[in-house]
Amino acid sequence: MIDIRLVRDDAARVQAALGRRGIDAAEVEGLAELDRQVRAAARRRDDLRAEVKALSRQVAEARRAGDDARAAELTGASRAVGEQQAAADREAEVVAEELRSRLLVLPNLPAPDAPDGLGPEDNVVVRTWPEVPPTYGDAQRVPHWEVGAALGILDMERGAKLSGSMFPLYRGMGARLLRALTAFALDHHADAFEEVRPPTLVRTETMQSTGHLPKFVDEAYHLERDDLWAIPTAEVPLTSMLRGDLLEEASLPVRLTAATACFRREAGSAGRDTRGLLRVHEFDKVELFAYSTEAQAPALLGDMVQRAESLLAELGLHYRVLDLCTGDLGLSAARTFDLEVYAPGVDQWLEVSSVSWCTDYQARRASIRYRPTDGGGPVLVHTLNGSALAWARIWAALVETGRRSDGSVVLPEALAPYLGGTTVITPPA
RNA sequence: GGAGGGAUGGCAGAGCGGACGAAUGCACGGCUCUUGAAAAGCCGCGAGACCUCGGUCUCCGUGGGUUCGAAUCCCACUCCCUCCGCCA
C-alpha cells in the first residue's frame, strides 16, 4: 500500500499520479477525509487512555499511603473514564479498519517515466530482437499442441484426465526440456542471485504482502481444510521471506532466484487461449527477486530485464520488450517491463516475463526495513521481481520455432549440456 | 497423532499485578587515552503513530478476557524446541 502521509501532505500529487492509472480524484479525497477521522478518533481515545493511566497511578499512590477511602474513590473515577475510553476505542477501530481496507486495494503510484495509457494497446515497444524479424517457413507454422502430440512430448488429453483442461502433461523429451530450462536459467543467475526453493503453499498473510489478496481472491487456488493458498508466482513467498525484518543497509541488495510451480485459476479469462500452453493453470517458472534501497532499484530493474532478455537471446527466440503503460501496470508495480516471444505456429506474441519495480509498496505491507549506514531511523526497502522465465510459453515458442519440415524439432545449442548432448527431438518410429 | 517446555529490543537474556518500554551483556555510534590500532574507561542507543515540538498514545508471538491498572493472571489460536509414534 501507499503511504497515507502522502495523501495527507500532498493529495494533489497523489491524485495526479493515480489519475494516470485511471483512479478518480474523489477516491483520494475520500481517503484524506477518512484519514482525518481516523486521527481525530485516535486522539480522543489516546486522551482518555492517558487519563485512565494517570488515575491508576494515583490509586497506587493512595494505596501505598494507606488511604483506602481515597483509593476507592479514584478507582471509581477511573472505571468511569475507562468505559468512555472503551467506546472511543471501538469507534477508532472502525474508522481505522475502513481506511486500511480501502488502502489495501489502492494501487501503487506509477513511476514518473512510465508511459501514459489506458490499457494494453498503449504499451510501448522499446526494442525487438533481432531487430530484423526472422522469416519463418511453413514447417514452423504448426501450433505447438500439434507438434507436441505428434512427437509424443505433450499430452494435453491425459493432463485433462488427471486435473481438467489447462493442466499440461509433458512426456519424454518434452518433460526433460522443462528440466533443462530450469537448470539453464538457475545456472545463468547463479553469479549474483542466491538460489531458493520456497514452499508453494502459503498462508493468507503471505498472499497479502504482495497484494495478491484481498483483491485477487478469485485468481488463486485455496486449500480450505488447511487454509493455505497455492502460489501464483514465487514472488509471493520471496516477498515474505524477510517479512517483519529489520536489515542492515550493508546487506542490500538481497538477490534471490527460485524455481517453482505456479498456480492460476484464470477465472477471469474462461474460454480465452484455451488451447495448448497459451494459458494454463499450472506452470513452472524461474523467478528473480531483489530487496534493495531506493537508490539501487533502477539499476537492479535494468539488470533483471537484461537477464531475462539474455536468456531469450541464448535460446534463439524472437522477442520484444514492452514498457507497460500506467493503465496496464499491476496493483503493486510502479514500473514494469514485459517480455514477449514470438511463437510462429500460433502467430502470436506470448508474454513470458514481467519485471516489476514495486518501490516500497509491498515492503510497507510486509514491514521490511533497513537501518541506514548513516545512522538514521529504519527505512522501507524497495522490492523488485521478474520472471526469467516462465516455461510453458517458452516451451511452446521453442517447439514451434525449432520445427523442421520432416516434423522433428531442433532445440538451441545452449541447452545441449542440459539435454544429455542431444538438441533434436525426432518423431517416434 | 501423543506428552512436555517456550515465544520479551538488531542479537542474547532478566522481569511474572502498580514509576516497566522493560535489568544486564553483545553489537552499534560518539568521546577520552594511544604514533596508530587493540584493550580499557565515559556517554549515547528499540520500533511505530499523533502532535500545540513540550509531550501523549501504542507495541513484550496473535486474538479475546479479568482488573482502577497487565510483559506479568485467565482462555483460545499460531509458531518454535525436546521426547514418543508414524513416514518419503
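Letters go in sequence order (proteins before strands), and every chain restarts at 1.
- Using a 3.5 Å distance cut-off with no hydrogens or angles, the side chains of A:S354 and A:D338 do pair a donor with an acceptor.
- Residue A:E248 is the one, among A:E248 and A:A42, whose nearest nucleotide of RNA chain B lies closer to the 5' end (criterion: closest heavy atom).
- When the P atom is used for both B:G9 and B:A14, the distance is 13 Å, rounded to whole Å.
- Residue-level contact check: A:R203 touches the backbone only, with heavy atoms under 4.0 Å from sugar-phosphate atoms and none from bases.
- Base pairing of B:A3: its partner is B:U82, meeting the Watson-Crick or G-U wobble criterion (both donor-acceptor distances under 3.5 Å).
- The phosphate of B:U58 (OP1 or OP2) has a side-chain N or O of A:R49 nearer than 4.0 angstrom.
- Taking the P atoms as reference points, B:G36 lies 32 Å from B:G46, given to the whole Å.
- Side-chain polar atoms of A:H382 and A:Y361 form no donor-acceptor pair below 3.5 angstrom.
- Pair assignment for B:A38: none, as no Watson-Crick or G-U wobble contacts are both less than 3.5 Å.
- Under the 3.5 Å distance criterion, with hydrogens and angles disregarded, no donor-acceptor pair is assigned to the side chains of A:T210 and A:E235.
- Comparing B:U56, B:A47, B:G18 against the side chain of A:R369 picks out B:A47 as the nearest.
- For the P atoms, the distance from B:G17 to B:A27 is 34 Å, rounded to whole Å.
- Counting to the nearest Å, the P atom of B:C51 and the CZ atom of A:R36 are 12 Å from each other.
- What separates CD of A:E205 from P of B:C77 is a distance of 17 Å, to the nearest Å.
- Under a 4.0 Å N-O distance rule, the pair A:R45/A:E93 does not qualify as a salt bridge.
- Nucleotide B:U67 holds its P atom 18 Å from the CG atom of A:L74, rounded to whole Å.
- If you take CD of A:E93 and P of B:C57, they are 19 Å apart, rounded to a whole angstrom.
- Spacing between atom CG of A:L55 and atom P of B:C57 amounts to 12 Å, rounded to whole angstrom units.
- Residue order along RNA chain B, read from the 5' end via each residue's closest nucleotide, puts A:L246 first among A:L246 and A:D35.
- At whole-Å resolution of the value, CG in A:D89 and P in B:G63 are 13 Å apart.
- Of all nucleotides listed (B:U52, B:G10, B:C57), B:G10 comes nearest to the side chain of A:R371.
- A sub-4.0 Å separation between OP1 or OP2 of B:G21 and a side-chain N or O of A:K53 is absent.
- A:R63 places its CZ atom 14 Å from the P atom of B:U67, with the value rounded to the nearest Å.
- Note on A:R39: a side-chain N or O is less than 4.0 Å away from OP1 or OP2 of B:C51.
- For the pair A:S101 (side chain) and A:E98 (backbone), a donor-acceptor distance under 3.5 Å is present.
- Base pairing annotation: B:G46 forms a Watson-Crick or G-U wobble pair with B:C59, both donor-acceptor distances under 3.5 Å.
- Pair assignment for B:U24 gives B:A12, based on Watson-Crick or G-U wobble hydrogen-bonding distances that are each under 3.5 Å.
- One atom, CZ of A:R57, and another, P of B:G21, lie 8 Å apart when rounded to the nearest Å.
- Here B:A49 is the nucleotide among B:G48, B:A49, B:C51 with the atom lying nearest to any side-chain atom of A:R5.
- Nucleotides B:G6 and B:G10 have their P atoms positioned 24 Å apart, rounded to a whole Å.
- For the pair A:R79 and B:G69, the criterion of a side-chain N or O lying under 4.0 Å from OP1 or OP2 is not met.
- Under a 4.0 Å N-O distance rule, the pair A:D9/A:R5 does not qualify as a salt bridge.
- Distances were taken from every side-chain heavy atom of A:S56 (C-beta onward) to each of B:U56, B:U52, B:G18; the shortest belongs to B:G18.
- Distance from the side chain of A:D46 is smallest for B:C57 among the nucleotides B:A47, B:C57, B:C68.
- Pair assignment for B:G18: B:C68, on the basis of Watson-Crick or G-U wobble contacts that are both within less than 3.5 Å.
- When atom types are taken as modelled, the side chain of A:R20 and the backbone of A:A114 share a donor-acceptor pair closer than 3.5 angstrom.
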